[in-house]
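These notes concern the structure reproduced below.
Order of the sequence lines sets the chain letters (A, B, ...), proteins ahead of strands, with each chain counted from 1. Keep in mind it's a predicted model, so treat the numbers as computed, not measured. Because only heavy atoms are used, hydrogens play no part in the values below, and waters and symmetry mates are left out as well, while side chains stay in.
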There are 2 protein chains.
Amino acid sequence: MNDEIPVVFVVDDEKAVRKSLARLIKSVGLNVQTFSSAREFLESDPSDSPSCLVLDVRMPGLSGLDLQNELDNVGYNIPIIFITGYGDIPMSVRTMKRGATDFLIKPVNEQDLLDAIHRAIEKDKQTRRERGEIRAIQQRVDSLTPREREVFSLVVTGMLNKQIAHDLGMSEKTVKVHRSRVMDKMQAGSLAELVKLALKVGIV
Amino acid sequence: MNDEIPVVFVVDDEKAVRKSLARLIKSVGLNVQTFSSAREFLESDPSDSPSCLVLDVRMPGLSGLDLQNELDNVGYNIPIIFITGYGDIPMSVRTMKRGATDFLIKPVNEQDLLDAIHRAIEKDKQTRRERGEIRAIQQRVDSLTPREREVFSLVVTGMLNKQIAHDLGMSEKTVKVHRSRVMDKMQAGSLAELVKLALKVGIV
DNA sequence: ACCTGTATTGCCCTAAGATCCAATTGAACC
DNA sequence: GGTTCAATTGGATCTTAGGGCAATACAGGT
């Protein structure tokens, strides 16, 4: 999934710009998908391969800024490279503070854009790697029963079985059984590993 | 140390700007220290209290951008708010990518600047908290003897005393002694806590 | 009624970790 | 030469953790 060919999404209302950007991006061996509006992009299917978004700031209908907000709201955080012909400093600063990876001005320097794209793709690969790992761990957590989850969260704070048993009002033996299942389901070979897994999914 | 009154450093070559910014910042109860050049700021003592830097981009001698680089190189990462009368988009983007917290244009809107300053101060407080914690943990690690450190790093991977003893060519008994000292010196009440400490200082 | 998953507990036994006491060796330092 | 510290090991004891086997209980679904 991560070794697929990266895709660059281009959203611009001018057909000539789309064509020229697509040609440039294809020339370095990357896949391209173009959209003539933010709406059109929002209605497309999220990509499974590493990707980034090259986005015109000013467009009829939803602007590039609107799209950035919208993607942020739905939690689809793809690296965004803005390109614009009219932007001002406050606009560029706002988008950068919201997490854009770059902000280029038209006419865009080809090498600058390609560099930005490569950085963005790398960044996306990295976040996909991390997310994938978190998801895998979270799935294991989800497979725990309610009781197992309780024991889990207390175990990783360093509490002894005895204390956990007292806290949850059960016998020490029961704690041991749950604890053992937790280690199994979480695929942890040791308490140390279990703690690391817990930290990665925020069960502190 | 963190509950001291925050300090805002102002670096601008124009005296009038310094005076006006200082007056504004003082008016909301913050301390101010002004500098007429980047050099002057670099030669001052780093602050112990939460602080941020309000920095003019264009100045004779070292520019604001140069100062940002220099501070980055020496690892003094104070939140920086740029202000400028002449800046362009690429410049603002470059500084933001390098970690500036804001980039405002002259004449600066007073409320915008104060908002930016408060955000920057909060950010600095946060990084100071985190750094302080890391430093405290690192000091404990530094108090470990070489052998204890070795045992430490193996313990937090989840290895058993027996395995550690074999790996390091010592008896299991010796491992236990080192391990016990590690728990003591690291002030960890349990293996779970020890693992958390190890992760915070990057001993994975 | 029957089966499954979850939760619970008891007893027993082994392995592992924690603690306390005690001792030896070598290197560094005064 | 004496002191201090790091590293090492042994023994004895106690506490924890983990696993096996067996059993009870309850809820939901077929």
Whole-Å gap separating C1' (dG17(C)) and CG (Leu160(A)): 11 Å

Residue list, side chain to side chain contact (heavy atoms under 4.5 Å, CB included) with Ala100(B), at least two apart or on another chain: Gln68(B), Phe82(B), Thr95(B), Met96(B)

Separation of dA18(C) P from Leu194(B) CG (nearest whole Å): 10 Å

Interatomic distance, His178(A) NE2 vs dT8(C) C1' [rounded to whole Å]: 7 Å

Greater than 12 external heavy atoms within 6.0 Å of Lys97(B)'s NZ: yes

Test: Asp56(A) and Lys106(A) ion pair at under 4.0 Å: yes

Rounded interatomic separation in angstrom, taking CG from Asp184(B) and P from dT19(C): 8 Å

Between P of dG10(C) and CD of Glu172(A), the distance in whole Å: 11 Å

CD on Glu40(B) to CD on Gln33(B), rounded to 0.5 Å: 9.5 Å

Sugar-phosphate only, base, or nothing, as touched by Thr174(B) at under 4.0 Å among non-hydrogen atoms: base

Sugar-phosphate, base or nothing in reach of Leu191(B), heavy atoms under 4.0 Å: nothing

N or O in side chain of Asn161(B) less than 4.0 angstrom from dG17(C) OP1/OP2: yes

Interatomic distance, Phe152(A) CZ vs dA7(C) C1' [rounded to whole Å]: 19 Å

Whole-Å gap separating P (dC5(D)) and NZ (Lys185(B)): 11 Å

Thr145(A) vs dA7(C): side-chain N/O to OP1/OP2 distance below 4.0 Å: yes

Length of the CG-C1' vector between Leu168(A) and dT6(C), whole Å: 15 Å

Lys162(B) vs Glu148(A), nearer the 5' end of DNA chain C by closest nucleotide: Glu148(A)

Test item: side-chain donor near acceptor, Gln163(A) and Asp167(A), under 3.5 Å: no

Among dG18(D), dT9(C), dT9(D), the one nearest Val177(A) by side-chain distance: dT9(C)

Lys176(B) or Lys173(B), whichever maps to the more 5' nucleotide of DNA chain C: Lys176(B)

